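Structure, as C-alpha coordinates:
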Number of protein chains: 2
Amino acid sequence: MTEIKGNFRSITVADLAFPPREGGYAKGHETREAILAASLNLLVEEGYQAMSMRRVAAACGMKLGNLTYHFASREDLVRGLLDAVIRAYEIEFAAIVHMPGTPPEERLAEICGLILEDIRTKKTTRVFPELWALSNHDPFVFERVQETYARARAPLVEIVGEMRPDLSEDQRHDLALFISASMEGTTMFAGYEKPFEARMPMIETIAIKSFVDLVRNWEDPEPN
Amino acid sequence: MTEIKGNFRSITVADLAFPPREGGYAKGHETREAILAASLNLLVEEGYQAMSMRRVAAACGMKLGNLTYHFASREDLVRGLLDAVIRAYEIEFAAIVHMPGTPPEERLAEICGLILEDIRTKKTTRVFPELWALSNHDPFVFERVQETYARARAPLVEIVGEMRPDLSEDQRHDLALFISASMEGTTMFAGYEKPFEARMPMIETIAIKSFVDLVRNWEDPEPN
DNA sequence: ACAAATTTAGGACGCTTGACAACTTTTATC
DNA sequence: GATAAAAGTTGTCAAGCGTCCTAAATTTGT
(Lines give C-alpha, C1' and ligand atoms only; values in the text may rest on other atoms or scores of the structure.)
Protein backbone atom coordinates (compact mmCIF):
# COMPACT_ATOMS: atom_id res chain seq x y z
CA MET A 1 0.00 0.00 0.00
CA THR A 2 1.44 3.29 -1.05
CA GLU A 3 1.59 5.61 1.90
CA ILE A 4 0.76 9.26 1.63
CA LYS A 5 3.70 10.91 3.23
CA GLY A 6 5.76 14.01 3.79
CA ASN A 7 4.23 17.38 3.33
CA PHE A 8 1.37 16.01 1.32
CA ARG A 9 -1.52 18.36 1.77
CA SER A 10 -4.64 16.35 2.37
CA ILE A 11 -7.09 16.68 -0.44
CA THR A 12 -10.26 18.61 0.21
CA VAL A 13 -13.63 17.98 -1.33
CA ALA A 14 -13.23 21.16 -3.29
CA ASP A 15 -9.94 19.97 -4.70
CA LEU A 16 -11.43 16.71 -5.76
CA ALA A 17 -14.52 18.25 -7.19
CA PHE A 18 -12.83 20.92 -9.23
CA PRO A 19 -9.33 19.82 -9.96
CA PRO A 20 -7.03 22.27 -11.71
CA ARG A 21 -6.04 20.98 -15.08
CA GLU A 22 -4.89 23.72 -17.43
CA GLY A 23 -1.75 22.68 -19.21
CA GLY A 24 -0.89 19.73 -17.03
CA TYR A 25 -0.21 19.58 -13.32
CA ALA A 26 2.95 17.86 -12.24
CA LYS A 27 5.95 19.60 -10.77
CA GLY A 28 7.17 19.56 -7.25
CA HIS A 29 5.62 17.76 -4.39
CA GLU A 30 1.93 17.94 -5.21
CA THR A 31 2.19 15.51 -8.07
CA ARG A 32 0.49 12.88 -6.08
CA GLU A 33 -2.66 14.77 -5.38
CA ALA A 34 -2.71 16.01 -8.93
CA ILE A 35 -2.74 12.39 -10.01
CA LEU A 36 -5.56 11.60 -7.64
CA ALA A 37 -7.59 14.56 -8.80
CA ALA A 38 -7.11 13.59 -12.42
CA SER A 39 -8.08 10.02 -11.61
CA LEU A 40 -11.23 11.09 -9.89
CA ASN A 41 -12.10 13.32 -12.76
CA LEU A 42 -11.72 10.51 -15.25
CA LEU A 43 -13.60 8.10 -13.04
CA VAL A 44 -16.53 10.44 -12.63
CA GLU A 45 -16.61 11.76 -16.17
CA GLU A 46 -15.99 8.63 -18.16
CA GLY A 47 -16.08 5.70 -15.80
CA TYR A 48 -13.68 3.20 -14.42
CA GLN A 49 -12.62 1.97 -17.81
CA ALA A 50 -11.39 5.40 -18.72
CA MET A 51 -9.35 5.60 -15.55
CA SER A 52 -6.45 3.74 -17.09
CA MET A 53 -2.87 4.37 -16.12
CA ARG A 54 -2.15 5.89 -19.48
CA ARG A 55 -5.10 8.21 -19.53
CA VAL A 56 -4.45 9.35 -16.00
CA ALA A 57 -0.87 10.04 -16.90
CA ALA A 58 -1.94 11.91 -20.00
CA ALA A 59 -4.47 13.93 -18.03
CA CYS A 60 -1.69 14.97 -15.68
CA GLY A 61 0.58 15.80 -18.56
CA MET A 62 3.10 13.28 -17.41
CA LYS A 63 4.54 10.09 -18.77
CA LEU A 64 3.26 6.68 -17.89
CA GLY A 65 6.45 5.67 -16.18
CA ASN A 66 6.25 8.58 -13.85
CA LEU A 67 2.75 7.65 -12.87
CA THR A 68 3.85 4.13 -12.05
CA TYR A 69 6.59 5.69 -10.02
CA HIS A 70 4.00 7.24 -7.75
CA PHE A 71 1.42 4.48 -8.00
CA ALA A 72 3.00 1.18 -8.81
CA SER A 73 -0.19 -0.40 -10.03
CA ARG A 74 -3.67 0.54 -11.02
CA GLU A 75 -4.95 -1.03 -7.83
CA ASP A 76 -2.65 1.22 -5.86
CA LEU A 77 -4.19 4.14 -7.63
CA VAL A 78 -7.69 3.02 -6.76
CA ARG A 79 -6.72 2.65 -3.15
CA GLY A 80 -5.10 6.03 -3.05
CA LEU A 81 -8.15 7.57 -4.61
CA LEU A 82 -10.45 5.90 -2.17
CA ASP A 83 -8.36 7.11 0.72
CA ALA A 84 -8.46 10.65 -0.58
CA VAL A 85 -12.20 10.68 -1.14
CA ILE A 86 -12.86 9.18 2.23
CA ARG A 87 -10.59 11.64 3.93
CA ALA A 88 -12.31 14.52 2.22
CA TYR A 89 -15.69 13.37 3.41
CA GLU A 90 -14.47 12.76 6.90
CA ILE A 91 -13.36 16.34 7.12
CA GLU A 92 -16.78 17.30 5.89
CA PHE A 93 -18.55 15.18 8.47
CA ALA A 94 -16.31 16.17 11.31
CA ALA A 95 -17.24 19.78 10.71
CA ILE A 96 -20.90 18.83 10.87
CA VAL A 97 -20.78 16.88 14.10
CA HIS A 98 -19.25 19.58 16.21
CA MET A 99 -21.97 22.09 16.50
CA PRO A 100 -22.75 24.37 19.42
CA GLY A 101 -25.41 23.34 21.88
CA THR A 102 -28.49 23.64 19.77
CA PRO A 103 -31.36 21.28 20.55
CA PRO A 104 -30.96 17.84 18.99
CA GLU A 105 -33.96 18.21 16.72
CA GLU A 106 -32.45 21.26 15.13
CA ARG A 107 -29.10 19.58 14.86
CA LEU A 108 -30.64 16.57 13.17
CA ALA A 109 -32.32 18.83 10.69
CA GLU A 110 -29.09 20.75 10.25
CA ILE A 111 -26.99 17.70 9.65
CA CYS A 112 -29.42 16.17 7.20
CA GLY A 113 -29.76 19.46 5.42
CA LEU A 114 -26.02 19.84 5.15
CA ILE A 115 -25.48 16.35 3.88
CA LEU A 116 -28.30 16.58 1.39
CA GLU A 117 -27.42 19.97 0.05
CA ASP A 118 -23.72 19.99 0.47
CA ILE A 119 -22.97 16.66 -1.02
CA ARG A 120 -25.50 16.97 -3.76
CA THR A 121 -23.98 20.13 -5.09
CA LYS A 122 -20.51 18.67 -5.25
CA LYS A 123 -19.30 16.72 -8.16
CA THR A 124 -17.77 14.13 -5.89
CA THR A 125 -21.21 12.70 -5.24
CA ARG A 126 -21.01 11.02 -8.57
CA VAL A 127 -18.05 9.01 -7.48
CA PHE A 128 -20.16 6.92 -5.17
CA PRO A 129 -22.12 4.99 -7.76
CA GLU A 130 -18.80 4.15 -9.33
CA LEU A 131 -17.45 3.06 -5.98
CA TRP A 132 -20.52 0.98 -5.32
CA ALA A 133 -20.16 -0.74 -8.62
CA LEU A 134 -16.50 -1.32 -7.92
CA SER A 135 -17.13 -2.50 -4.40
CA ASN A 136 -19.30 -5.23 -5.79
CA HIS A 137 -16.21 -6.93 -7.12
CA ASP A 138 -13.36 -5.67 -5.01
CA PRO A 139 -13.36 -6.60 -1.33
CA PHE A 140 -10.95 -3.80 -0.52
CA VAL A 141 -13.19 -1.15 -2.01
CA PHE A 142 -16.19 -2.82 -0.45
CA GLU A 143 -14.78 -2.63 3.04
CA ARG A 144 -13.61 0.93 2.70
CA VAL A 145 -16.96 2.12 1.38
CA GLN A 146 -18.75 0.34 4.16
CA GLU A 147 -16.44 1.87 6.69
CA THR A 148 -17.04 5.32 5.31
CA TYR A 149 -20.77 5.02 5.58
CA ALA A 150 -20.53 3.66 9.07
CA ARG A 151 -18.43 6.59 10.08
CA ALA A 152 -20.76 9.03 8.44
CA ARG A 153 -23.62 7.45 10.32
CA ALA A 154 -22.07 7.79 13.74
CA PRO A 155 -23.09 11.41 14.40
CA LEU A 156 -26.60 10.53 13.29
CA VAL A 157 -26.83 7.74 15.82
CA GLU A 158 -25.59 10.11 18.47
CA ILE A 159 -28.20 12.73 17.80
CA VAL A 160 -30.97 10.20 17.58
CA GLY A 161 -29.86 9.03 20.99
CA GLU A 162 -30.06 12.55 22.36
CA MET A 163 -33.55 12.98 20.98
CA ARG A 164 -34.75 9.62 22.17
CA PRO A 165 -32.89 8.44 25.24
CA ASP A 166 -35.74 5.99 25.80
CA LEU A 167 -34.79 3.94 22.74
CA SER A 168 -32.40 1.03 22.79
CA GLU A 169 -29.07 1.12 21.00
CA ASP A 170 -30.46 -1.12 18.31
CA GLN A 171 -33.45 1.07 17.76
CA ARG A 172 -31.30 4.15 17.39
CA HIS A 173 -29.12 2.38 14.93
CA ASP A 174 -32.08 1.26 12.89
CA LEU A 175 -33.43 4.77 12.67
CA ALA A 176 -30.07 6.23 11.75
CA LEU A 177 -29.55 3.48 9.22
CA PHE A 178 -32.82 4.20 7.53
CA ILE A 179 -32.21 7.93 7.52
CA SER A 180 -28.76 7.63 6.00
CA ALA A 181 -29.95 5.14 3.41
CA SER A 182 -32.79 7.42 2.56
CA MET A 183 -30.44 10.36 2.17
CA GLU A 184 -28.15 8.30 0.04
CA GLY A 185 -30.98 7.42 -2.31
CA THR A 186 -32.06 11.02 -2.41
CA THR A 187 -28.69 12.48 -3.29
CA MET A 188 -28.18 9.65 -5.71
CA PHE A 189 -31.37 10.36 -7.55
CA ALA A 190 -30.56 14.02 -7.51
CA GLY A 191 -27.45 13.38 -9.53
CA TYR A 192 -29.06 11.06 -11.98
CA GLU A 193 -32.66 11.87 -12.45
CA LYS A 194 -33.30 15.05 -14.32
CA PRO A 195 -36.79 15.75 -13.00
CA PHE A 196 -35.46 15.25 -9.52
CA GLU A 197 -32.80 17.87 -9.72
CA ALA A 198 -35.14 20.77 -10.29
CA ARG A 199 -37.34 19.86 -7.36
CA MET A 200 -34.47 19.13 -5.04
CA PRO A 201 -34.96 22.01 -2.61
CA MET A 202 -38.50 20.90 -1.86
CA ILE A 203 -37.48 17.26 -1.66
CA GLU A 204 -34.88 18.25 0.89
CA THR A 205 -37.52 19.96 2.97
CA ILE A 206 -39.71 16.89 2.77
CA ALA A 207 -36.86 14.59 3.69
CA ILE A 208 -35.77 16.59 6.70
CA LYS A 209 -39.26 16.99 8.09
CA SER A 210 -39.86 13.31 7.52
CA PHE A 211 -36.69 12.35 9.36
CA VAL A 212 -37.31 14.60 12.34
CA ASP A 213 -40.89 13.41 12.69
CA LEU A 214 -39.78 9.83 12.39
CA VAL A 215 -37.26 10.07 15.20
CA ARG A 216 -39.59 12.12 17.36
CA ASN A 217 -42.51 9.74 17.10
CA TRP A 218 -41.05 6.32 16.50
CA GLU A 219 -42.40 3.45 18.58
CA ASP A 220 -41.71 -0.16 17.82
CA PRO A 221 -44.84 -1.83 16.51
CA GLU A 222 -46.51 -4.20 18.92
CA PRO A 223 -45.91 -7.82 18.12
CA ASN A 224 -49.13 -9.24 16.73
CA MET B 1 -31.02 -1.96 -32.42
CA THR B 2 -31.46 -5.69 -32.40
CA GLU B 3 -35.11 -6.55 -32.07
CA ILE B 4 -36.24 -9.30 -29.78
CA LYS B 5 -38.39 -11.39 -32.03
CA GLY B 6 -40.25 -14.58 -32.66
CA ASN B 7 -41.19 -16.88 -29.85
CA PHE B 8 -38.73 -15.30 -27.48
CA ARG B 9 -40.04 -15.84 -24.01
CA SER B 10 -39.72 -12.66 -22.07
CA ILE B 11 -37.19 -12.94 -19.31
CA THR B 12 -38.48 -12.97 -15.79
CA VAL B 13 -36.73 -11.56 -12.78
CA ALA B 14 -36.26 -15.08 -11.54
CA ASP B 15 -34.55 -16.06 -14.77
CA LEU B 16 -32.22 -13.14 -14.57
CA ALA B 17 -31.52 -13.61 -10.91
CA PHE B 18 -30.77 -17.28 -11.07
CA PRO B 19 -29.65 -18.17 -14.52
CA PRO B 20 -29.04 -21.81 -15.31
CA ARG B 21 -25.44 -22.39 -16.12
CA GLU B 22 -24.39 -26.01 -15.62
CA GLY B 23 -22.30 -27.12 -18.54
CA GLY B 24 -23.14 -24.21 -20.79
CA TYR B 25 -26.49 -23.08 -22.03
CA ALA B 26 -26.94 -22.85 -25.74
CA LYS B 27 -29.19 -25.11 -27.76
CA GLY B 28 -32.51 -24.40 -29.27
CA HIS B 29 -34.37 -21.17 -29.39
CA GLU B 30 -33.62 -19.67 -26.03
CA THR B 31 -30.02 -18.90 -26.87
CA ARG B 32 -30.69 -15.22 -26.77
CA GLU B 33 -31.97 -15.15 -23.25
CA ALA B 34 -29.21 -17.47 -22.19
CA ILE B 35 -26.77 -14.91 -23.51
CA LEU B 36 -28.53 -12.15 -21.65
CA ALA B 37 -28.58 -14.14 -18.45
CA ALA B 38 -24.90 -14.89 -18.76
CA SER B 39 -24.20 -11.24 -19.46
CA LEU B 40 -26.13 -10.13 -16.43
CA ASN B 41 -24.35 -12.66 -14.34
CA LEU B 42 -20.97 -11.45 -15.43
CA LEU B 43 -22.00 -7.84 -15.01
CA VAL B 44 -23.26 -8.40 -11.50
CA GLU B 45 -20.53 -10.74 -10.37
CA GLU B 46 -17.47 -9.17 -11.90
CA GLY B 47 -18.46 -5.83 -13.34
CA TYR B 48 -18.81 -4.27 -16.72
CA GLN B 49 -15.24 -4.93 -17.72
CA ALA B 50 -15.76 -8.63 -17.31
CA MET B 51 -18.80 -8.51 -19.55
CA SER B 52 -16.69 -8.79 -22.68
CA MET B 53 -17.90 -10.46 -25.82
CA ARG B 54 -15.40 -13.24 -25.41
CA ARG B 55 -16.23 -13.95 -21.80
CA VAL B 56 -19.95 -13.85 -22.40
CA ALA B 57 -19.55 -16.31 -25.22
CA ALA B 58 -17.38 -18.53 -23.05
CA ALA B 59 -19.88 -18.35 -20.20
CA CYS B 60 -22.57 -19.58 -22.59
CA GLY B 61 -20.36 -22.34 -23.88
CA MET B 62 -20.52 -20.96 -27.36
CA LYS B 63 -18.11 -19.52 -29.84
CA LEU B 64 -17.52 -15.83 -30.23
CA GLY B 65 -18.85 -15.92 -33.77
CA ASN B 66 -22.16 -17.23 -32.59
CA LEU B 67 -22.48 -14.49 -30.01
CA THR B 68 -21.90 -11.82 -32.62
CA TYR B 69 -24.48 -13.59 -34.72
CA HIS B 70 -27.08 -12.77 -32.07
CA PHE B 71 -25.61 -9.50 -30.85
CA ALA B 72 -23.62 -7.80 -33.54
CA SER B 73 -21.82 -5.50 -31.14
CA ARG B 74 -21.17 -5.10 -27.49
CA GLU B 75 -23.44 -2.10 -27.44
CA ASP B 76 -26.19 -4.25 -28.86
CA LEU B 77 -25.64 -6.62 -25.99
CA VAL B 78 -25.86 -3.84 -23.42
CA ARG B 79 -29.09 -2.60 -24.94
CA GLY B 80 -30.57 -6.04 -25.06
CA LEU B 81 -29.64 -6.59 -21.44
CA LEU B 82 -31.11 -3.28 -20.40
CA ASP B 83 -34.34 -4.10 -22.18
CA ALA B 84 -34.54 -7.45 -20.49
CA VAL B 85 -33.89 -6.11 -17.01
CA ILE B 86 -36.38 -3.30 -17.46
CA ARG B 87 -39.01 -5.63 -18.82
CA ALA B 88 -38.53 -7.94 -15.87
CA TYR B 89 -39.05 -5.09 -13.44
CA GLU B 90 -42.02 -3.78 -15.29
CA ILE B 91 -43.70 -7.13 -14.93
CA GLU B 92 -42.88 -6.91 -11.27
CA PHE B 93 -44.36 -3.44 -10.93
CA ALA B 94 -47.43 -4.24 -12.96
CA ALA B 95 -48.21 -7.03 -10.57
CA ILE B 96 -47.95 -4.59 -7.70
CA VAL B 97 -50.17 -1.89 -9.13
CA HIS B 98 -53.22 -4.02 -9.68
CA MET B 99 -54.55 -4.57 -6.23
CA PRO B 100 -58.11 -4.82 -4.96
CA GLY B 101 -59.88 -1.79 -3.54
CA THR B 102 -58.25 -1.53 -0.17
CA PRO B 103 -57.89 1.92 1.40
CA PRO B 104 -55.04 3.94 -0.09
CA GLU B 105 -53.02 4.01 3.13
CA GLU B 106 -52.90 0.25 3.21
CA ARG B 107 -52.08 0.09 -0.45
CA LEU B 108 -49.22 2.53 -0.01
CA ALA B 109 -47.84 0.41 2.78
CA GLU B 110 -48.38 -2.69 0.73
CA ILE B 111 -46.64 -1.35 -2.35
CA CYS B 112 -43.68 -0.03 -0.44
CA GLY B 113 -43.40 -3.26 1.46
CA LEU B 114 -43.48 -5.26 -1.72
CA ILE B 115 -40.89 -3.14 -3.44
CA LEU B 116 -38.60 -3.12 -0.45
CA GLU B 117 -38.80 -6.78 0.31
CA ASP B 118 -39.34 -8.22 -3.09
CA ILE B 119 -36.63 -6.41 -4.91
CA ARG B 120 -34.16 -6.58 -2.11
CA THR B 121 -34.22 -10.33 -2.00
CA LYS B 122 -33.49 -10.66 -5.69
CA LYS B 123 -30.02 -10.77 -7.05
CA THR B 124 -30.98 -8.43 -9.85
CA THR B 125 -30.97 -5.57 -7.39
CA ARG B 126 -27.25 -5.51 -7.73
CA VAL B 127 -27.49 -4.68 -11.37
CA PHE B 128 -28.69 -1.20 -10.63
CA PRO B 129 -25.48 0.23 -9.23
CA GLU B 130 -23.82 -1.07 -12.36
CA LEU B 131 -26.46 0.54 -14.51
CA TRP B 132 -26.14 3.80 -12.63
CA ALA B 133 -22.42 3.82 -13.12
CA LEU B 134 -22.93 3.04 -16.78
CA SER B 135 -25.63 5.64 -17.16
CA ASN B 136 -23.19 8.24 -15.99
CA HIS B 137 -21.34 7.91 -19.25
CA ASP B 138 -23.82 6.43 -21.69
CA PRO B 139 -26.81 8.59 -22.63
CA PHE B 140 -28.72 5.59 -23.91
CA VAL B 141 -28.45 3.76 -20.62
CA PHE B 142 -29.16 6.98 -18.76
CA GLU B 143 -32.45 7.60 -20.53
CA ARG B 144 -33.61 4.05 -20.19
CA VAL B 145 -32.87 3.92 -16.48
CA GLN B 146 -34.59 7.22 -15.91
CA GLU B 147 -37.61 6.04 -17.84
CA THR B 148 -37.80 2.91 -15.77
CA TYR B 149 -37.79 4.78 -12.51
CA ALA B 150 -40.37 7.21 -13.74
CA ARG B 151 -42.62 4.34 -14.68
CA ALA B 152 -42.10 2.65 -11.37
CA ARG B 153 -43.04 5.87 -9.64
CA ALA B 154 -46.36 6.30 -11.39
CA PRO B 155 -48.44 4.05 -9.13
CA LEU B 156 -46.95 5.80 -6.14
CA VAL B 157 -48.04 9.19 -7.39
CA GLU B 158 -51.49 7.79 -7.96
CA ILE B 159 -51.89 6.47 -4.46
CA VAL B 160 -50.52 9.63 -2.90
CA GLY B 161 -53.18 11.46 -4.90
CA GLU B 162 -55.88 9.21 -3.49
CA MET B 163 -54.68 9.79 0.04
CA ARG B 164 -54.30 13.52 -0.37
CA PRO B 165 -56.65 14.91 -2.99
CA ASP B 166 -56.02 18.33 -1.47
CA LEU B 167 -52.42 18.40 -2.69
CA SER B 168 -51.34 19.79 -6.02
CA GLU B 169 -49.90 17.62 -8.74
CA ASP B 170 -46.45 18.96 -7.97
CA GLN B 171 -46.75 18.21 -4.29
CA ARG B 172 -47.80 14.65 -4.98
CA HIS B 173 -44.89 14.19 -7.29
CA ASP B 174 -42.47 15.53 -4.74
CA LEU B 175 -43.69 13.15 -2.10
CA ALA B 176 -43.61 10.18 -4.44
CA LEU B 177 -40.18 11.20 -5.63
CA PHE B 178 -38.81 11.31 -2.14
CA ILE B 179 -40.41 8.01 -1.21
CA SER B 180 -39.05 6.22 -4.24
CA ALA B 181 -35.59 7.71 -3.79
CA SER B 182 -35.67 6.70 -0.18
CA MET B 183 -36.65 3.17 -1.08
CA GLU B 184 -33.94 3.02 -3.66
CA GLY B 185 -31.34 4.00 -1.11
CA THR B 186 -32.70 1.48 1.30
CA THR B 187 -32.64 -1.49 -1.05
CA MET B 188 -29.29 -0.33 -2.28
CA PHE B 189 -27.78 -0.29 1.16
CA ALA B 190 -29.36 -3.61 1.89
CA GLY B 191 -27.38 -5.20 -0.90
CA TYR B 192 -24.11 -3.61 0.05
CA GLU B 193 -23.89 -2.97 3.72
CA LYS B 194 -23.52 -6.04 5.80
CA PRO B 195 -24.88 -4.58 9.03
CA PHE B 196 -27.86 -3.35 7.11
CA GLU B 197 -28.88 -6.70 5.77
CA ALA B 198 -29.52 -8.29 9.11
CA ARG B 199 -31.71 -5.46 10.31
CA MET B 200 -33.62 -5.14 7.10
CA PRO B 201 -37.01 -6.33 8.31
CA MET B 202 -37.09 -3.66 10.99
CA ILE B 203 -35.79 -1.02 8.60
CA GLU B 204 -38.61 -1.91 6.26
CA THR B 205 -41.11 -1.38 9.03
CA ILE B 206 -39.55 1.96 9.83
CA ALA B 207 -39.55 3.01 6.20
CA ILE B 208 -43.14 2.12 5.58
CA LYS B 209 -44.44 3.81 8.69
CA SER B 210 -42.37 6.85 7.87
CA PHE B 211 -43.76 7.02 4.34
CA VAL B 212 -47.37 6.63 5.39
CA ASP B 213 -47.04 9.25 8.10
CA LEU B 214 -45.32 11.57 5.70
CA VAL B 215 -48.05 11.43 3.10
CA ARG B 216 -50.78 11.58 5.70
CA ASN B 217 -49.45 14.68 7.45
CA TRP B 218 -47.53 16.62 4.86
CA GLU B 219 -48.14 20.34 4.63
CA ASP B 220 -45.99 22.71 2.66
CA PRO B 221 -43.99 24.88 5.02
CA GLU B 222 -45.13 28.46 5.22
CA PRO B 223 -42.90 30.88 3.37
CA ASN B 224 -40.94 32.77 5.95
C1' DA C 1 -36.71 -33.49 -48.12
C1' DC C 2 -35.52 -28.94 -48.47
C1' DA C 3 -34.43 -24.22 -47.20
C1' DA C 4 -33.53 -21.20 -43.61
C1' DA C 5 -31.68 -20.34 -39.34
C1' DT C 6 -28.21 -21.41 -36.21
C1' DT C 7 -23.69 -22.98 -34.65
C1' DT C 8 -18.82 -24.14 -35.11
C1' DA C 9 -13.99 -23.37 -35.97
C1' DG C 10 -10.97 -20.60 -37.11
C1' DG C 11 -8.33 -16.40 -38.18
C1' DA C 12 -7.04 -11.45 -38.69
C1' DC C 13 -7.19 -6.48 -37.97
C1' DG C 14 -5.88 -2.47 -35.20
C1' DC C 15 -6.04 -1.00 -30.85
C1' DT C 16 -5.59 -0.41 -25.67
C1' DT C 17 -4.28 -2.27 -21.57
C1' DG C 18 -1.18 -3.08 -17.09
C1' DA C 19 3.38 -3.93 -16.11
C1' DC C 20 8.10 -3.33 -16.31
C1' DA C 21 13.10 -2.24 -17.37
C1' DA C 22 16.70 0.96 -18.64
C1' DC C 23 17.73 5.43 -18.91
C1' DT C 24 18.09 10.72 -18.00
C1' DT C 25 17.03 14.74 -15.48
C1' DT C 26 15.88 17.30 -11.37
C1' DT C 27 16.19 18.15 -6.54
C1' DA C 28 17.80 18.27 -1.90
C1' DT C 29 21.57 17.81 1.23
C1' DC C 30 26.11 17.93 2.94
C1' DG D 1 30.12 21.37 -6.34
C1' DA D 2 29.72 16.47 -5.41
C1' DT D 3 26.50 12.97 -4.48
C1' DA D 4 22.57 10.27 -3.65
C1' DA D 5 17.77 10.10 -3.81
C1' DA D 6 13.64 11.42 -6.09
C1' DA D 7 11.25 12.37 -10.20
C1' DG D 8 10.48 11.86 -14.90
C1' DT D 9 11.36 9.71 -19.84
C1' DT D 10 11.27 6.29 -23.30
C1' DG D 11 10.47 1.99 -25.21
C1' DT D 12 8.92 -2.78 -24.90
C1' DC D 13 6.13 -6.81 -23.52
C1' DA D 14 2.35 -10.15 -23.55
C1' DA D 15 -2.40 -10.08 -23.13
C1' DG D 16 -6.91 -8.85 -23.96
C1' DC D 17 -10.24 -6.22 -26.39
C1' DG D 18 -14.17 -5.27 -30.25
C1' DT D 19 -15.00 -6.00 -34.71
C1' DC D 20 -15.07 -8.34 -38.87
C1' DC D 21 -14.56 -12.26 -41.93
C1' DT D 22 -14.90 -17.03 -44.34
C1' DA D 23 -16.22 -21.71 -44.86
C1' DA D 24 -18.24 -25.59 -43.36
C1' DA D 25 -21.39 -28.29 -40.30
C1' DT D 26 -25.58 -28.71 -37.84
C1' DT D 27 -30.21 -27.92 -36.26
C1' DT D 28 -34.77 -26.41 -37.11
C1' DG D 29 -39.21 -25.30 -39.21
C1' DT D 30 -42.17 -26.72 -42.74
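Keep in mind the model is a prediction, meaning the values are calculated, not measured. In what follows, every chain begins at residue 1, and chains take the letters A, B, ... in the order their sequences are listed.
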Would you tabulate the nitrogen or oxygen pairs shorter than 3.5 Å linking the protein to nucleotides 11-15 of chain C?
none

Next item on the list: Write down the distance between CG (B/Leu67) and P (C/dT7), rounded to a whole number of angstrom.
Entry: 11 Å
Checklist line | Heavy-atom side-chain proximity of A/Ile159 to A/Pro155 below 4.5 angstrom | finding: no
Item checked: For A/Ile86, all residues meeting side chain to side chain contact (heavy atoms under 4.5 Å, CB included), sequence neighbours excluded -> A/Leu82, A/Glu90, A/Arg144, A/Thr148
Checklist line | Spacing of A/Thr68 atom OG1 and A/Asp76 atom CG [to the nearest 0.5 Å] | finding: 10.5 Å
Next item on the list: Report the distance from atom NZ of A/Lys63 to atom P of C/dA21, rounded to the nearest whole Å.
Entry: 21 Å
Margin query: Rounding to an integer number of Å, can you tell me how far A/Tyr69 OH sits from D/dA7 P?
Written below: 4 Å
Next item on the list: Check side chain to side chain contact (heavy atoms under 4.5 Å, CB included) between B/Ala57 and all other residues, then give those that pass, not counting sequence neighbours.
Entry: B/Met62, B/Leu67
Checklist line | Partner set under side chain to side chain contact (heavy atoms under 4.5 Å, CB included) for A/Arg126, not counting sequence neighbours | finding: A/Val44, A/Tyr192, B/Asn136
Next item on the list: Could you tell me how the ring of A/Trp132 sits relative to the ring of A/Tyr149: parallel (under 30°), tilted (30 to 60°) or perpendicular (over 60°)?
Entry: parallel
Check: Which of these nucleotides, D/dA7, C/dT6, C/dA19, is closest to any side-chain atom of A/His70?
Finding: D/dA7
Notebook entry, point to check: Rounded to the nearest Å, what distance is computed from the CZ atom of residue A/Arg55 to the P atom of nucleotide C/dG18?
Noted result: 11 Å
Check: For the pair made of CZ in A/Arg74 and C1' in C/dC20, what is the distance, rounded to whole Å?
Finding: 17 Å
Next item on the list: Tell me what A/Thr68 touches on the nucleic acid: a base, only sugar-phosphate, or nothing, going by heavy atoms under 4.0 Å.
Entry: nothing
Next item on the list: Check the distance between C/dA19's P and A/Glu75's CD and give it to me in whole angstrom.
Entry: 8 Å
Notebook entry, point to check: How sharply is the helix from C/dA1-D/dT30 to C/dC30-D/dG1 bent, taking the axes over five pairs at either end and rounding to 10 degrees?
Noted result: 30°
Note to self: From CE of A/Met51 over to P of C/dT17, roughly how many Å is that when rounded to an integer?
What the structure shows: 12 Å
Next item on the list: Using the side-chain hydrogen bond (donor to acceptor under 3.5 Å, both in side chains) rule, collect all pairs that involve residues 43-52 of chain A, keeping only residues at least two apart or in two chains.
Entry: A/Glu45-A/Lys123, A/Glu46-A/Arg55
Check: Are B/Asn66 and C/dT6 close enough that a side-chain N or O sits under 4.0 Å from OP1 or OP2?
Finding: no
Check: Any ion pair linking A/Glu110 and A/Arg107 (charged N to carboxylate O, less than 4.0 Å)?
Finding: no
Check: Is it true that a side-chain atom of B/His137 and a backbone atom of A/Gly47 form a donor plus acceptor pair closer than 3.5 Å?
Finding: yes
Note to self: Distance check needed: D/dG18 P versus B/Met53 CE, whole Å only.
What the structure shows: 7 Å
